[in-house]
2 protein chains.
Amino acid sequence: MANIQQVAQKAGVSVATVSRVLNNHATVTPKTRLKVEQAINELNYEPSMLGRNLRNSESRLLLVLIPSISNPFYTEIIDGIEDTAIKNNYNILLCDTDSNPQRENIYFNLVKNKLADGIISMDPAVDMQKLIDLAEHHPIIQCSEYDENSCIPYVTIDNELAAYHAVKHLIKLGHEKIALINSDEKFLYARQRRQGYERALSEFNLPINKEWIYNTTQLEFEFGQQAMKKLLQSDEKPSAVFAVSDTLAIGALKEINSHGLLVPDDISVVGFDKISFSSMTNPTLTTVSQPMYRMGCTAASMLIDSIQGNKVESIVLNHELVIRESTMG
Amino acid sequence: MANIQQVAQKAGVSVATVSRVLNNHATVTPKTRLKVEQAINELNYEPSMLGRNLRNSESRLLLVLIPSISNPFYTEIIDGIEDTAIKNNYNILLCDTDSNPQRENIYFNLVKNKLADGIISMDPAVDMQKLIDLAEHHPIIQCSEYDENSCIPYVTIDNELAAYHAVKHLIKLGHEKIALINSDEKFLYARQRRQGYERALSEFNLPINKEWIYNTTQLEFEFGQQAMKKLLQSDEKPSAVFAVSDTLAIGALKEINSHGLLVPDDISVVGFDKISFSSMTNPTLTTVSQPMYRMGCTAASMLIDSIQGNKVESIVLNHELVIRESTMG
DNA sequence: ATCAAAAATGTAATCGATTACATCATAAGC
DNA sequence: GCTTATGATGTAATCGATTACATTTTTGAT
């Protein structure tokens with residue numbers, strides 16, 4: 001691969017002139033520009049990002065931290081991030097942390113080392129202290145998942161309110177025995193959704209039954225199945241279930257089916273996220289939809305703003321309850 | 001962020017010595033090493049990859065090209081790639097091309113610019129000519145998807161044989177009217193799977209009915225639904241369906257259900273890939289399982305080998321037919 | 001104590017770009 | 001034709017690391 005010196009030599013000009021052509025600086029004669037462009041083509045030259053970044057300290061690369069690419073929830077958000085980034089002449093790289101601190105470190109280092117200009121973190125299991133430390137010197141945005149005390153700007157929805165809406169929907173349908181399949185409450189969103197759940201119940205004077213609240217350690221289907229299995233063993237079976245993710249809800253659905261019960265006739269189910277598979281289940285799943293694409297766009301805009309030295313404010317977007325077969329009795 | 005000069009100054013040594021400490025060169029007195037390490041800690045110094053790569057021309061970063069992170073098929077492969085890479089002291093970056101040539105270019109440039117050492121391509125829609133050109137000067141491996149004429153090493157399964165096994169399974173169950181939901185046959189795997197389908201039919205003297213072969217433009221659920229809808233309208237309805245991806249098969253399942261038909265009683269269904277959803281459907285889906293994790297490991301090993309200057313050979317791995325409810329009449 | 005060999009450390013070139021500043025060429029004004 | 005203003009191009013420092021080679025220090029044998 002040719003370098004700028006060789007191009008300069010071939011074109012019979014200095015490296016400065018080649019650089020000027022490369023960066024579209026005004027003061028280059030058309031004739032010279034042509035010579036340089038010819039040399040570039042002949043040598044098949046492409047400028048090295050390494051040299052450029054070293055000098056400019058910018059890479060125009062954004063890092064997106066996700067806990068696992070297997071969770072379909074992130075897909076649409078990433079589309080939004082990607083589109084916005086490209087519109088602003090930035091590119092993104094996906095970093096699957098697998099919630100593994102070692103891998104996390106690798107990606108943090110890319111930023112420290114100026115190989116990337118900033119980070120959008122969507123990993124709820126991220127090492128918060130490290131993220132906060134990093135945020136002191138580097139642009140970082142939290143997307144969907146966040147730490148309220150961290151001072152790192154975030155974009156998210158009102159999880160408490162969304163859960164409240166979902167549960168209220170079930171109550172309005174006449175349900176009084178509503179179970180909650182929650183994930184690990186070390187995550188803020190899990191605590192918030194539980195609060196929404198409890199607020200709805202309280203508001204309608206329904207008791208909060210510990211037996212109907214189940215916390216899973218992960219979000220995969222099997223954990224939803226396991227949760228539902230346990231709930232079906234309780235003294236008084238719930239007549240409805242609110243799960244904090246579609247994957248859990250789908251696992252629950254499967255478990256209900258395999259017990260010979262019908263959704264929504266015997267038990268109604270509400271999920272969260274509106275992943276694409278949620279309309280493929282039988283019955284289709286009622287779920288809380290987040291404006292994922294917009295959330296991604298917003299996060300990217302915020303990050304780019306922040307990179308360009310502007311102060312950015314956290315943003316809370318609206319959610320929407322999508323009513324489908326699993327609650328249509 | 002401190003640089004190596006500042007560390008050297010603080011420790012009262014030269015930059016060369018700092019660099020030696022950083023790179024564990026033998027010839028440093030324990031006393032000096034200590035001084036340097038102290039300075040490094042006090043200044044919170046981390047070496048810049050930019051400077052290092054510029055000098056060394058290696059980044060120890062691998063690029064993984066995927067058409068879309070929304071396809072769950074890639075998840076496990078990526079796990080394999082990631083584990084193997086990390087074991088060899090490499091890191092990976094996921095590149096979602098969205099089958100968009102512009103984005104592809106960005107990632108190709110990262111390699112050309114030495115910001116990454118090599119590429120594992122899993123995008124069937126990749127611009128082959130560009131990939132081949134790139135492969136002349138840079139290590140590249142094709143994973144799962146490949147071009148047989150490209151000379152770029154690949155790891156894959158025998159798609160023809162896998163499809164043959166799937167269809168033979170249906171034939172053995174007594175089916176004689178077997179439909180094929182294929183994707184776009186501009187993809188090699190689609191052509192190969194069709195061949196396997198046809199070989200199985202021919203071997204048992206079953207006619208190949210054009211009406212029972214449907215090509216979709218994409219792999220999302222809806223395209224499977226659409227395909228099945230069309231198949232159900234044919235003069236003679238098929239009694240079994242082989243879809244070249246689980247997502248298509250799940251769409252087909254949904255469509256069959258919504259026509260009031262039962263799987264497998266009325267129509268049997270076989271998918272391909274064994275994505276996690278495939279065990280959450282009702283009924284669960286019979287599918288062809290690829291050794292995805294191993295495929296990922298293999299691809300990563302091949303790439304790293306290639307980076308280190310060794311010649312690598314293409315590899316074909318074994319598949320397995322997983323029989324579940326959708327074909328258990 | 002002296003000197004050679006070995007070990008430790010320093011000096012400075014290098015990677016590939018960008019850019020402030022210097023220099024050279026051209027055109028305009030008189 | 002001479003001076004000056006302006007535009008085009010070149011020179012060389014710079015970014016942050018690595019490393020061949022040079023230099024200094026230490027060690028050990030006599």
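In what follows, every chain begins at residue 1, and chains take the letters A, B, ... in the order their sequences are listed. Atom set for the values below is all heavy atoms of this structure, side chains included, hydrogens, waters and symmetry mates excluded.
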Requested in this report: Among the candidates C:dA12, D:dA17, D:dG10, find the nucleotide nearest to the side-chain atoms of B:Val15.
Outcome: C:dA12
Query raised in the report: Going by distance alone, is a donor N or O of one side chain under 3.5 Å from an acceptor N or O of the other, for A:Tyr189 and A:Ser183?
Result: yes
**Report entry** Nearest-nucleotide comparison on DNA chain D, the residue closer to the 5′ end among A:Pro30 and B:Ile4
**Finding:** A:Pro30
**Report entry** Side-chain donor-acceptor contact under 3.5 Å, A:Asp123 with A:Thr97
**Finding:** yes
**Report entry** Polar contact flag, side-chain donor to acceptor under 3.5 angstrom, A:Ser121-A:Glu145
**Finding:** no
Query raised in the report: Between C:dA17 atom C1' and A:Leu43 atom CG, what is the distance in whole Å?
Result: 16 Å
Report task. Would you mind classifying the nucleic acid contact of B:Val28 as base, sugar-phosphate or nothing, using non-hydrogen atoms under 4.0 angstrom? Result -> sugar-phosphate
Report task. Would you indicate which nucleotide in C:dG16, C:dG10, C:dT19 comes nearest to any side-chain atom of B:Arg20? Result -> C:dG10
Requested in this report: Would you kindly give the CZ-to-P distance between B:Arg60 and D:dT18, to the nearest whole Å?
Outcome: 14 Å
Query - Residues A:Asn91 and B:Tyr107: side-chain donor-acceptor under 3.5 angstrom - result: no
Query raised in the report: With sugar-phosphate meaning primed atoms plus P, OP1 and OP2, does A:Asn53 contact a base, only sugar-phosphate, or nothing at under 4.0 Å between heavy atoms?
Result: nothing
Report task. Measure the distance from NZ on A:Lys31 to C1' on D:dG7 and round it to the nearest whole Å. Result -> 14 Å
**Report entry** B:Asn24 CG - D:dT19 C1' separation (whole Å)
**Finding:** 16 Å
Query raised in the report: C:dA8, D:dA17, D:dG10: which one has an atom nearest the side-chain heavy atoms of B:Thr29?
Result: C:dA8
Report task. Compare the minimum distances between each of D:dT18, C:dA17, C:dG10 and the side chain of B:Val13, then state the nucleotide with the smallest one. Result -> C:dG10
**Report entry** Residue B:Thr32, side-chain atoms from C-beta onward, closest of D:dT19, C:dA8, D:dT18
**Finding:** C:dA8
Query raised in the report: Can you tell me how far P of C:dG16 sits from CD1 of A:Ile40, to the nearest Å?
Result: 16 Å
Query raised in the report: What integer distance in Å separates B:Gln5:CD from C:dA12:C1'?
Result: 12 Å
**Report entry** Selected nucleotide, minimal atom distance to A:Thr17 side chain, candidates D:dA17, D:dT9, D:dT18
**Finding:** D:dT9
Query raised in the report: Among C:dC21, D:dA8, D:dA17, which nucleotide sits nearest the side chain of B:Ser48?
Result: D:dA17
Query raised in the report: Going by atom types only, do B:Gln129 and B:Asp133 share a side-chain donor-acceptor pair under 3.5 Å?
Result: yes
Report task. When you get a sec, tell me which of C:dG16, D:dT18, D:dA17 is the closest nucleotide to the side chain of B:Asn23? Result -> D:dT18
Query - Between P of D:dG16 and CG of B:Asn3, the distance in whole Å - result: 5 Å
Query raised in the report: Between C:dA17 atom C1' and A:Gln9 atom CD, what is the distance in whole Å?
Result: 17 Å
Query raised in the report: Which part of the nucleic acid, if any, lies within reach of B:Ser19 when heavy atoms closer than 4.0 Å are counted: base, sugar-phosphate only, or nothing?
Result: base
